Participant: 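Provided herewith is a single structure, encoded as structure tokens, for subsequent inquiry.
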Number of protein chains: 2
Amino acid sequence: MTTTSTAPVFAALGDPHRQQLLTLLARGGAASASSLAPSLPVSRQAVDRHLRILSSAGLVEPRRSGREVLYSVRRAELDRSAAWLRDLADGWDRRLSAIKAAAEAPE
Amino acid sequence: MTTTSTAPVFAALGDPHRQQLLTLLARGGAASASSLAPSLPVSRQAVDRHLRILSSAGLVEPRRSGREVLYSVRRAELDRSAAWLRDLADGWDRRLSAIKAAAEAPE
DNA sequence: AACACGTGCAACACTTTATTTGCAGGTCAA
DNA sequence: TTGACCTGCAAATAAAGTGTTGCACGTGTT
């Protein structure tokens, strides 16, 4: 089940510009699309779209402040994705120990 | 720097079929494209391409065994991606404590 | 009210991705 | 050698993603 629900998250993380936006938000705090755009080599509208994608993946959260919309990082989703990776790695480890055990006790 | 190098990894993880292939490999051990294809609702060739993408992202590794090509999970890359997520979350935590400290000591 | 600024949306072009079918070539077994 | 099975590659198509420009609409400010 987590198999499909984390896919949009990883897909969102799979773009360099979006990674850049995430690190900017993580280090600089909440910011708007317009204020972030100068830091990237793309237009304000493109940044806006990336932030929407990150938002629908649950990685950032929009908050209205006056006439601006400030986006901030949502840690919970980062943790959830990291947990998925960890479970995958654990499954692989279990597989390896099963092979090792089978090799040591042929019958 | 890791910003761009992990992007292909996350992009590879961002597809449900590829996630499914990874979990199959992690739990069932090394397998070929042909043997995996019946478990997915796509053709053998499509599975092959997904495995190539996972392979070029470093998430799986091909190994020739007779007339088959067996793919197996590469734990190192899983760990590397998990580390990237952890660093991002840590950066966000540092940001939060900086804000908190500033609030407690206005000047 | 008038102006500036930030957002939201639509149209468009371009590139990439996903997937299929078909076929050629290699490898193993009878 | 013949047949079965697996891999590898090409062409075709449909869909999605990335980016741009232009413009309309709120929301503050003067």
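Every chain is numbered from 1 and lettered A, B, ... according to where its sequence line falls, protein lines coming before strand lines. Worth saying up front: this structure is predicted, and the values here are computed from it rather than measured. Quick note: numbers below take in every heavy atom, side chains included, and nothing from hydrogens, waters or symmetry partners.
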Participant: Take the protein atom CZ of B:Arg67 and the nucleotide atom C1' of C:dA29, then report the distance between them rounded to whole Å.
Facilitator: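 These atoms are roughly 8 Å apart.
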
Participant: Measure distances between side-chain N and O atoms of A:Gln45 and base N and O atoms of D:dG22, and say whether any donor-acceptor pair falls under 3.5 Å.
Facilitator: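 Side chain to base: pair present.
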
Participant: Rounded to the Å, how far apart are A:Phe10 CZ and C:dT17 C1'?
Facilitator: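 About 20 Å, once rounded to whole Å.
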
Participant: Go nucleotide by nucleotide along DNA chain D from the 5' end; which of A:Ser65 and B:Ala33 gets its closest nucleotide reached first?
Facilitator: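 Here B:Ala33 is the residue nearer the 5' end.
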
Participant: Between the base of D:dT7 and the side chain of B:Arg44, is there a donor-acceptor distance below 3.5 Å?
Facilitator: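 A donor-acceptor contact between them is present.
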
Participant: Quick one: A:Leu36 CG to C:dG6 C1', roughly how many Å, whole number?
Facilitator: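 Atom CG in A:Leu36 sits about 13 Å away from atom C1' in C:dG6.
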
Participant: Return no unless some side-chain N or O of B:Ser32 is found under 4.0 Å from OP1 or OP2 of D:dT7.
Facilitator: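 It does, given that an N or O in the side chain of B:Ser32 lies less than 4.0 Å from OP1 or OP2 of D:dT7.
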
Participant: Measure from CZ on B:Arg64 to C1' on D:dC6 and round the result to the nearest Å.
Facilitator: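 Going from B:Arg64 (CZ) to D:dC6 (C1'), I get 8 Å.
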
Participant: Can you measure A:Asp15 atom CG to D:dT18 atom C1' for me and round it to whole angstrom units?
Facilitator: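 Computing the A:Asp15:CG to D:dT18:C1' distance gives 8 Å.
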
Participant: Is the phosphate of D:dG8 approached by B:Arg52 (side-chain N or O, under 4.0 Å from OP1 or OP2)?
Facilitator: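 Yes, such a contact exists.
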
Participant: Is the A:His50 ring parallel, tilted or perpendicular to the A:His17 ring (thresholds 30°, 60°)?
Facilitator: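 It falls in the perpendicular class, over 60°.
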
Participant: Of the nucleotides C:dG8, C:dT20, C:dG6, which has the atom closest to the B:Ser43 side chain?
Facilitator: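 Of the options given, the side chain of B:Ser43 lies nearest C:dT20.
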
Participant: State whether the distance check finds a donor on one side and an acceptor on the other, under 3.5 Å, for side chain A:Arg49 versus base D:dG17.
Facilitator: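 Under the 3.5 Å cut-off, the side chain and the base do not form any donor-acceptor pair.
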
Participant: Quick one: A:Gln20 CD to D:dT18 P, roughly how many Å, whole number?
Facilitator: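 Distance check: A:Gln20 CD to D:dT18 P gives 14 Å.
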
Participant: Counting side-chain heavy atoms from C-beta on, which of D:dT18, C:dT20, C:dG8 comes nearest to A:Ile53?
Facilitator: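 Closest of the options to the side chain of A:Ile53: D:dT18.
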
Participant: Using a 4.5 Å cut-off on heavy atoms from C-beta on, say whether the side chain of B:Leu59 contacts that of B:Val73.
Facilitator: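 Side-chain contact under 4.5 Å: no.
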
Participant: Quick one: is D:dG17 close enough that its OP1 or OP2 comes under 4.0 Å of any side-chain N or O from A:His50?
Facilitator: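 No, A:His50 has no side-chain N/O under 4.0 Å of OP1/OP2 on D:dG17.
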
Participant: Send over the distance from B:Asp48 CG to C:dT21 P, rounded to a whole Å.
Facilitator: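 From B:Asp48 CG to C:dT21 P: 15 Å.
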
Participant: Roughly how far, to the nearest 0.5 Å, is the CG atom of B:Leu13 from the CH2 atom of A:Trp84?
Facilitator: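 Rounded to the nearest 0.5 Å, the CH2-CG separation comes out at 5.5 Å.
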
Participant: Rounded to the nearest Å, what distance is computed from the CG atom of residue B:Leu51 to the C1' atom of nucleotide D:dG8?
Facilitator: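 About 13 Å, once rounded to whole Å.
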
Participant: Would you please confirm or rule out a distance under 4.0 Å between OP1 or OP2 of D:dC6 and any side-chain N or O of B:Ser34?
Facilitator: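 B:Ser34 to D:dC6 OP1/OP2: no side-chain N or O under 4.0 Å.
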
Participant: Look at the side chain of A:Arg18 and the backbone N and O of A:Ala12, then say whether any donor-acceptor pair between them is shorter than 3.5 Å.
Facilitator: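 Confirmed, A:Arg18 side chain pairs with A:Ala12 backbone.
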
Participant: What nucleotide, of C:dA18, D:dC5, D:dT21, holds the atom closest to the side chain of B:Arg18?
Facilitator: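 In terms of side-chain proximity for B:Arg18, the closest of C:dA18, D:dC5, D:dT21 is C:dA18.
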
Participant: Spell out, as yes or no, whether a donor-acceptor pair under 3.5 Å connects the side chain of A:Ser32 to the backbone of A:Ser35.
Facilitator: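 Checking the backbone N and O of A:Ser35 against the side chain of A:Ser32, a donor-acceptor pair under 3.5 Å is found.
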
